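Note that the coordinates shown come from a computational prediction; the quantities given were computed from them, not determined experimentally. Every heavy atom of this structure was used, including side-chain atoms; hydrogens, water molecules and symmetry mates were not. The first residue of the sequence shown is numbered 1, and numbering continues consecutively from there.
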Amino acid sequence: MSPFKSHMQTALLEARAAAERGEVPVGALILGADGTVLAQAGNRTRELCDPTAHAEILAIRAACAALGSERLTGCALYVTLEPCAMCAAAISAARIARVYYGASDPKSGGVAQGARVFDRAQSHHRPDVYDGIAGAEAEELLREFFAERRGT
């Protein structure tokens, strides 16, 4: 087994690009079971006029297309912010093996906060979850983004 290599810095690059587009700075990356990058994305809800265009959803769609399957068995997702309930449900449905996230989301999180989707009996699959990966950096990016919008 190869040593763990975090891909959170690439997810953070996607989050910064999202912020530059005026989107909430969240970025995601999906690794295939063999360790190759299948997809990466940042939020595009405003750009696409689509409330489901979260970084995780866009990355899941692209990774599924790359593999030609609706299942991402053995894959890993890196995302800069704790997935919301919608994204957690999609992660479960896609059967993603591991989720690594940076900042916790007390307001809208769906993994360790709020809905705790993976803990529900209705959850199709529960991935291994690792939180706090580059969490301080992800939190700072979000804090700066929202402070700029509030003018503080």
Side-chain angles (χ1 to χ4, degrees), residues 6-33 37-146 149-150:
S6 176
H7 291 268
M8 193 60 78
Q9 289 305 313
T10 303
L12 283 161
L13 287 173
E14 288 288 343
R16 287 186 190 94
E20 289 173 17
R21 293 189 302 271
E23 303 277 359
V24 174
V26 178
L29 174 138
I30 296 180
L31 287 183
V37 175
L38 295 175
Q40 56 192 71
N43 275 358
R44 292 186 180 275
T45 60
R46 290 189 171 104
E47 176 186 338
L48 299 175
C49 300
D50 179 355
T52 70
H54 290 197
E56 302 96 307
I57 299 294
L58 296 174
I60 288 169
R61 289 175 183 161
C64 286
L67 292 179
S69 174
E70 78 282 9
R71 300 281 168 88
L72 298 174
T73 308
C75 294
L77 168 71
Y78 288 82
V79 62
T80 58
L81 181 64
E82 177 183 353
C84 69
M86 173 186 70
C87 291
I91 289 163
S92 177
R95 310 301 199 273
I96 292 174
R98 292 170 308 287
V99 174
Y100 301 91
Y101 70 85
S104 292
D105 189 353
K107 181 181 172 204
S108 300
V111 175
Q113 318 283 327
R116 297 184 183 194
V117 171
F118 303 139
D119 293 340
R120 303 283 179 223
Q122 297 84 359
S123 184
H124 295 289
H125 164 77
R126 178 173 175 63
D128 295 330
V129 176
Y130 305 90
D131 63 356
I133 311 295
E137 194 173 349
E139 285 174 22
E140 183 60 23
L141 184 59
L142 287 158
R143 198 172 12 262
E144 288 173 5
F145 177 82
F146 288 112
R149 284 190 170 42
R150 288 189 298 267

OG on Ser104 to CG on Asp131, rounded to 0.5 Å: 5.5 Å

Side-chain heavy atoms of Val99 within contact of Val111, under 4.5 Å: no

Flag side-chain contact, heavy atom, 4.5 Å: Arg46 against Arg21: no

Shortest non-hydrogen separation from Leu12 to Ala138 and the atoms involved: CD2-CA, 3.9 Å

Heavy-atom pair with the smallest gap, counting every atom of Gly110 and Ala88: O-CB, 4.1 Å

Closest heavy-atom pair and its distance - Ala18, Pro25: CB-CA, 4.3 Å

Heavy-atom pair of closest approach, residues Ala134 and Met8: CB-CG, 3.7 Å

Spacing of OG belonging to Ser108 relative to CG belonging to Leu81, to within rounding of 0.5 Å: 8.0 Å

Spacing of Ile57 atom CD1 and Asn43 atom CG [to the nearest 0.5 Å]: 10.5 Å

Test log, rule side-chain contact (heavy atoms from CB on, under 4.5 Å), inputs Leu38 and Leu31: CA-CA 6 Å; Leu38 295 175; Leu31 287 183; over 6 Å; no

Test item: Glu82 side-chain N/O and Ala112 main-chain N/O as donor-acceptor pair under 3.5 Å: yes

Test item: Arg16 and Leu141 side chains (from C-beta on) under 4.5 Å apart, heavy atoms: yes

Contact check, side chains of Cys75 and Leu67, non-hydrogen atoms, under 4.5 Å: yes

Smallest separation among heavy atoms of Arg126 and Phe118, with atom names: NH1-CB, 2.9 Å

From CG (Leu48) to CD (Glu23), nearest 0.5 Å: 7.5 Å

Qualifying residue, where the test is ring-ring contact (aromatic ring centres under 6.0 Å, His included) with Tyr78 and the options are Tyr100, Tyr130, Tyr101: Tyr100

Among Ile30, Leu13, Thr10, side chain to side chain contact (heavy atoms under 4.5 Å, CB included) partner for Gln40: Thr10

Side-chain heavy-atom pair Glu56, Ile96 within 4.5 angstrom cut-off: no

Shortest non-hydrogen separation from Ala115 to Ala85 and the atoms involved: CB-CB, 4.0 Å

Short side-chain to backbone donor-acceptor contact, Arg95 and Ala93, under 3.5 Å: yes

Side-chain donor/acceptor of Glu14 to backbone N/O of Leu29, under 3.5 Å: no

Separation of His7 NE2 from Ile133 CD1 (nearest 0.5 Å): 12.0 Å

Pairwise distance CG(Leu77) to CD1(Ile91) - rounded to 0.5 angstrom: 5.0 Å

Side-chain heavy-atom pair Arg143, Glu140 within 4.5 angstrom cut-off: yes

Exercise: do Arg120 and Ser92 side chains pair donor with acceptor under 3.5 Å: no

